[in-house]
Amino acid sequence: MIVPPARVSRARRGTRAEPPPVEWGEYAAAVHRWELITGRPAPYPTQPGRHGRPVLAPAFVEWLMGLPPGWATADHLDLPRTAQLRALGNGVMPQQAAHALRLLLADLTHLNHPPAGVPLPVPARPRGTARPSTGTSRPADAARARRAGTGARP
C-alpha cells in the first residue's frame, strides 16, 4: 500500500525538504523489479497539490509506463500537471505497443506464408456488393452490348 506523506506543519511548509522514503508495502517487490527493468529509481508518487494535499505526480506515471524521463513532464514542454496526466493517460505503453506489433506481424507472416498444403482463404464478397465490372458503367449497357455483339469478350 502506498502511504501518503504525513501532514507537514505550517512552519515546515516553506522549506523544500526531501520527502520521506516511500513505504511501498505489498507493492515493494513489483516497484523494485520495475526499477531494475527501467534502470532508474521510482520517483515519489505524489506531489503537493494547490491546497496542500498530495496529488498524483506525473513523473511517477511516466516512470510506471516505462517512458524516458521528461517524455511528458519536461520543463520545456510547459504543460500543466493536468495536461501531463491527460497526455500520459491517452498514451500507450511502449512495451504493450511492441507486443501488439509482434502479434500482428506474426499474423501477417502466417497469412502471407501459410504452412505447406494449406490453401489461402478467399475473402467472401459482402452481401449487396456488385460483381466485378464488365467494362461498362451499367449492367443494362453490358447486356445490350452482348446482344449486339459489340461487347468485349474475356
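Keep in mind that this is a model prediction, so the values were computed, not measured.
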J.: Would you give me the side-chain donor-acceptor pairs under 3.5 Å for residues 83-90, sequence neighbours excluded?
T.:
residue, atom, partner, partner atom, Å
Gln84, NE2, Leu79, O, 3.2
Asn90, ND2, Arg86, O, 3.3

J.: Considering residues at least two apart in sequence or located in another chain, which fulfil the side chain to side chain contact (heavy atoms under 4.5 Å, CB included) criterion with Arg50?
T.: none
J.: Show me the donor-acceptor pairs within less than 3.5 Å that the side chains of residues 63-71 make with the rest of the protein, sequence neighbours left out.
T.:
residue, atom, partner, partner atom, Å
Trp63, NE1, Thr38, OG1, 3.3
Trp63, NE1, Arg40, O, 3.3

J.: Does anything in residues 94-107 form a side-chain hydrogen bond (donor to acceptor under 3.5 Å, both in side chains)? List the pairs, not counting sequence neighbours.
T.: none
J.: If only atom types and distance count, is the side chain of Arg81 paired as donor or acceptor with the main-chain N or O of Leu56 below 3.5 Å?
T.: yes
J.: If hydrophobic clusters are built from ILVMFWY residues whose side chains come within less than 4.5 Å, do Val61 and Ile37 share one?
T.: yes
J.: Who are the side chain to side chain contact (heavy atoms under 4.5 Å, CB included) partners of Ala74, not counting sequence neighbours?
T.: His76, Leu77
J.: Can you get from Leu101 to Leu108 by hopping between Ile, Leu, Val, Met, Phe, Trp and Tyr side chains that sit under 4.5 Å apart?
T.: no
J.: Locate the shortest heavy-atom distance separating Glu62 from Thr73; write the atom from each residue and the value.
T.: OE1-OG1, 2.8 Å
J.: Looking only at non-hydrogen atoms, find the nearest pair between Ala59 and Pro43 and report the distance.
T.: O-CG, 3.5 Å
J.: Can you find a heavy atom in the side chain of Pro20 that is under 4.5 Å from one in the side chain of Tyr44?
T.: yes
J.: With sequence neighbours excluded, tell me which residues meet side chain to side chain contact (heavy atoms under 4.5 Å, CB included) with Leu36.
T.: His32
